[in-house]
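Worksheet: one structure, shown below.
Start at 1 and go down the list; that is how both ligands and their atoms are numbered. Residues: numbered from 1 along the sequence shown.
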Amino acid sequence: MAELTTDIKTARTALAAGGVVAFPTETVYGLGALADNEVAVKQVFTFKGRPREHPLIIHIEEQKLLEYWAAEVPELAHQLAKQFWPGPLTLVLPRKQERGEIAAGGRANIALRMPAHPIAQELITNTTGLVAPSANKFGRPSPTTAQHVLDEFSNEDILIFDGGATEYGIESTVIELATSTPRLLRPGVIPQTQIESITGPLELATNSGDAPGTLANHYAPRQPVILLSKEQFAQCEPSYAALGFIQPAQVNPENFRQLPTDPTKAAHQLFSLLRELEATNTEKIAIEQPPNNPQWATINDRLKRAAQPN
Ligand code: TXA
Ligand code: MG
């Protein structure tokens, strides 16, 4: 049975004992365990229902732990860390052979990030790192409140630290620095252009082998999601739930959620609104396609994946 807590000491004790503890980060809630405890890391995969070859991000306390996990830390990694850490940036680097094999899903690279949230920081203190995938079951929308985590994991033996709603509402930007050209594996909170001001042009990951779990169907509510143009959205079936900028007159107001026109606010609310619409007994969720511009890129990425057929 999952349990809620707001006590740091209780949460730290549970982690130290090899337990699984969900906690808030500045992006979304993570499902945490000591990264050096293989049994605990395996438990995270099991609880999430995540395939073992889908690698996890290790959340670290200080930049010098890069050298603990990575076989090689290129100068660019230090520059990016200096600029964006603590914060919503994940770096994928060559993994030290003897470390993090289970966490990395057996891959030659390992993902690392230093979170900015004070609760996350307190839980990481004096550890070599915590694995923390988003605290949702495999393929589901990421959780942005403790209640979302409880709804997903009510039957699992986890502790959930309730630190309120997360700030950004979408996940970290994932950059791979393991080959000669830096690559964007997952768009995220930090815009591509900000990263490129340091790295130069990023290559874009084009197949799901690069960043397992990012390109397949993901972030999906129980009902099918369809993305519609403004005009199509205005005409959508009255029986659908709807998420968009303007309410279609034919849709029941109870089944409509307004998407803020400011992309930062929209990101903050996106997964929460999807979960609210999921709870309506509608057969489909129609979403109004936001503008196709860089400010909306990360949200559009998540919406596109949410709308992939299963
Ligand atoms: O904001 C976030 O990053 C959140 C919070 C909790 O920190 N975490 C998160 O973890 O989103 P997760 O497991 O849901 O997503 C991790 C992403 C996946 O797309 C995975 O494929 C990629 O990072 N990733 C992790 N390790 C990798 C590796 N070794 N090589 C390539 N991609 C990796
Ligand atoms: Mg995830």
*Element-labelled atoms of ligand 1 that are located less than 4.0 Å from some non-hydrogen atom of R107*: 30 (N)
*Would you call E122-R12 a salt bridge at under 4.0 Å N-O?*
no
*Which atoms of ligand 1 sit under 4.0 Å from any heavy atom of L56?*
26 (N)
*Hey, does N109 come in under 3.5 Å of ligand 1, counting only N/O atoms on both sides?*
yes
*Under 4.0 Å from ligand 1, counting heavy atoms only, is it the side chain of P55, its backbone, both or neither?*
both
*Going by chain and residue number, what protein N/O/S atoms come nearer than 2.8 Å to the Mg ion (ligand 2)?*
S134 OG
*If you count the atoms of ligand 1 from 1 in the order shown, which ones are under 4.0 Å from a heavy atom of P133?*
10 (O), 12 (P), 13 (O)
*Do Y29 and I158 share a hydrophobic cluster (ILVMFWY, side-chain heavy atoms under 4.5 Å, transitive)?*
yes
_R186/E176 ion pair, N-O < 4.0 Å_ = no
*Compare H218, H59, R183 and give the one whose heavy atom is closest to atom 7 (O) of ligand 1.*
H59
_Minimum non-hydrogen distance to atom 8 (N) of ligand 1, winning option of A132, A108, G30, A22_ = A132
*Is the distance between the ring centroids of F45 and H54 under 6.0 Å?*
no
*Are K96 and E98 close enough for a salt bridge, meaning some N to O gap below 4.0 Å?*
no
*Evaluate the side-chain proximity of E26 to P115: yes if any heavy-atom separation is below 4.5 Å, no if none is.*
yes
*Do NZ/NE/NH1/NH2 and the carboxylate oxygens of K137 and E156 come within less than 4.0 Å?*
yes
*Could you list which atoms of ligand 1 come closer than 4.0 Å to a heavy atom of S172?*
1 (O), 2 (C), 3 (O)
*Please determine if E152 and R140 form a salt bridge, counting it only when a charged side-chain N lies under 4.0 Å from a carboxylate O.*
yes
*Any chance the side chains of Y219 and D301 put a donor and an acceptor closer than 3.5 Å?*
no
*Under a 4.0 Å heavy-atom limit, does K48 contact ligand 1 with its side chain, its backbone, both, or neither?*
neither
*asked:* As a check for students: among I110, V174, I170, T25, identify the option with a heavy atom nearest to atom 23 (O) of ligand 1.
replied: V174
*Pick one of side chain, backbone, both or neither for how E176 approaches ligand 1, counting any non-hydrogen atom pair under 4.0 Å.*
neither
*Between R113 and ligand 1, which part of the residue brings a heavy atom under 4.0 Å of the ligand: side chain, backbone, both or neither?*
side chain
*For L185, take its heavy atoms, then give the atoms of ligand 1 lying under 4.0 Å from any of them.*
31 (C), 32 (N)
*Measure the spacing between CG of L270 and CG of L303 and express it to the nearest 0.5 Å.*
5.5 Å
*Have a look at L91, V92, I57 and point out the one with the heavy atom closest to atom 30 (N) of ligand 1.*
V92
*For D7, what residues pass the side-chain hydrogen bond (donor to acceptor under 3.5 Å, both in side chains) criterion, not counting sequence neighbours?*
T10
*Output yes when the distance from some N or O of ligand 1 to some N or O of E171 is under 3.5 Å, and no in every other case.*
no
*So, T128 and D36: side-chain donor and acceptor under 3.5 Å apart, yes or no?*
yes
_Partners passing side-chain contact (heavy atoms from CB on, under 4.5 Å) against A35 (at least two apart in sequence or in another chain)_ = I58, W69, V131
*Which of the atoms in ligand 1, numbered in the order shown and given with their element, are less than 4.0 Å from a heavy-atom of R50?*
12 (P), 13 (O), 14 (O)
_Sub-4.0 Å atoms of ligand 1 with respect to non-hydrogen atoms of A111_ = 25 (C), 26 (N), 27 (C)
Show every donor-acceptor pair shorter than 3.5 Å between a side-chain atom in residues 236-248 and any protein atom, with sequence neighbours excluded, or say none if there are none.
{"unit_1": "Q247", "atom_1": "NE2", "unit_2": "V251", "atom_2": "O", "d": "2.8"}

